[in-house]
Amino acid sequence: MTALTFLFGAVTFYTLAPVPPALRPDPMARGYMGITVANGTLAVERVEPGLPAEAAGLRRGDILIRVGTLQPETFDQVIAHITSFRPGAVVEIEVQRGAARKTFKVKLACRPPELDIQNRVPVPIEIDD
């Protein structure tokens, strides 16, 4: 008989397991803000729910003017610039919204790995028989 059983009789105490701390982002991961643009433009077509761009206040229809120090001409330049930062970095984004220019601070998340897999071109492998 344990001391607790003796003192409290048949009362059972349940305890919860400790919650592990949140995992830190992969230090080798690449930055991601969670937007897509209309084909061939810098106009935001979609802001992914729950991701950094939405949290910062970006909206559909915003036109990207400046991303950090970059004044992009294509969305590929935006992607390359954003992915040069690590998750957790804060990047200033300037957009044209209607007649006004607005600036937002976006804290980047981890770029989903499947986005990079889609854009990879398979390289043929020569097999010697």
Side-chain angles (χ1 to χ4, degrees):
M1 182 183 276
T2 65
L4 286 176
T5 305
F6 178 72
L7 291 174
F8 298 109
V11 176
T12 305
F13 293 95
Y14 295 98
T15 59
L16 298 175
V19 176
L23 293 175
R24 294 161 96 210
D26 178 359
M28 298 309 291
R30 298 173 350 141
Y32 183 67
M33 47 179 190
I35 63 168
T36 55
V37 298
N39 196 19
T41 70
L42 292 172
V44 176
E45 187 172 81
R46 178 166 161 69
V47 179
E48 297 293 328
L51 290 176
E54 181 190 53
L58 287 159
R59 294 185 194 161
R60 184 175 195 259
D62 288 345
I63 299 171
L64 299 172
I65 302 295
R66 184 175 52 82
V67 178
T69 57
L70 174 72
Q71 293 183 339
E73 295 178 13
T74 67
F75 191 58
D76 287 338
Q77 291 175 333
V78 174
I79 293 170
H81 193 64
I82 289 295
T83 58
S84 72
F85 293 98
R86 299 284 179 234
V90 177
V91 178
E92 200 170 83
I93 309 292
E94 184 177 356
V95 300
Q96 183 79 37
R97 182 179 289 168
R101 283 195 177 194
K102 296 190 174 265
T103 303
F104 301 94
K105 291 188 186 277
V106 178
K107 184 176 181 182
L108 301 178
C110 290
R111 182 175 171 83
E114 60 270 11
L115 290 178
D116 292 330
I117 292 171
Q118 292 174 6
N119 297 324
R120 290 189 184 153
V121 178
V123 177
I125 300 173
E126 292 184 28
I127 301 175
D128 294 329
D129 290 325

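Along the sequence shown, residues are numbered consecutively beginning with 1. It should be emphasised that the depicted structure is a prediction, and the values quoted were computed from it without experimental measurement.
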Residue pair Cys110 / Pro87: nearest heavy atoms and the distance that separates them: SG-CG, 3.4 Å
Residue pair Ile82, Arg30: steps toward the side chain to side chain contact (heavy atoms under 4.5 Å, CB included) verdict: CA-CA 8 Å; Ile82 289 295; Arg30 298 173 350 141; over 6 Å; no
Criterion side-chain contact (heavy atoms from CB on, under 4.5 Å) against Leu42, the qualifying member of Leu64, Asp62, Val37: Leu64
From NZ (Lys107) to CZ (Phe85), nearest 0.5 Å: 15.0 Å
Backbone of Ile79 reached by a side-chain donor or acceptor of Gln77 within 3.5 Å: no
Spatial distance of atom CD1 (Ile35) from atom CD (Glu54) [nearest 0.5 Å]: 13.0 Å
From CZ (Phe75) to CG (Asn39), nearest 0.5 Å: 11.0 Å
Rounded distance [0.5 Å steps], NZ in Lys105 versus CD in Glu92: 4.5 Å
hydrophobic_cluster_shared for Val47 and Val95, side chain cutoff 4.5 Å: yes
Side chain to side chain contact (heavy atoms under 4.5 Å, CB included) evaluation trace for Met33 with Ile93: CA-CA 10 Å; Met33 47 179 190; Ile93 309 292; 4.0 Å; yes
Step-by-step salt bridge (Lys or Arg N to Asp or Glu O under 4.0 Å) determination, Glu94 to Lys102: CA-CA 6 Å; Glu94 184 177 356; Lys102 296 190 174 265; over 6 Å; no
Side-chain donor/acceptor of His81 to backbone N/O of Gly68, under 3.5 Å: no
Heavy-atom closest contact (Val106 atom, Ala53 atom, distance): CG1-N, 4.2 Å
Cluster check Leu51, Leu58: I/L/V/M/F/W/Y, side chain < 4.5 angstrom: no
Joint hydrophobic cluster, Val44 plus Phe104, side-chain heavy atoms closer than 4.5 Å: yes
Side-chain donor or acceptor of Arg59 paired with backbone N/O of Gly61 under 3.5 Å: no
Polar side-chain atom of Arg97 near backbone of Ile63 as donor-acceptor pair, under 3.5 Å: no
Any donor-acceptor N or O pair under 3.5 Å, side chains Arg66, Gln71: no
Trace of the side chain to side chain contact (heavy atoms under 4.5 Å, CB included) decision for Tyr32 with Leu108: CA-CA 5 Å; Tyr32 183 67; Leu108 301 178; 6.0 Å; no
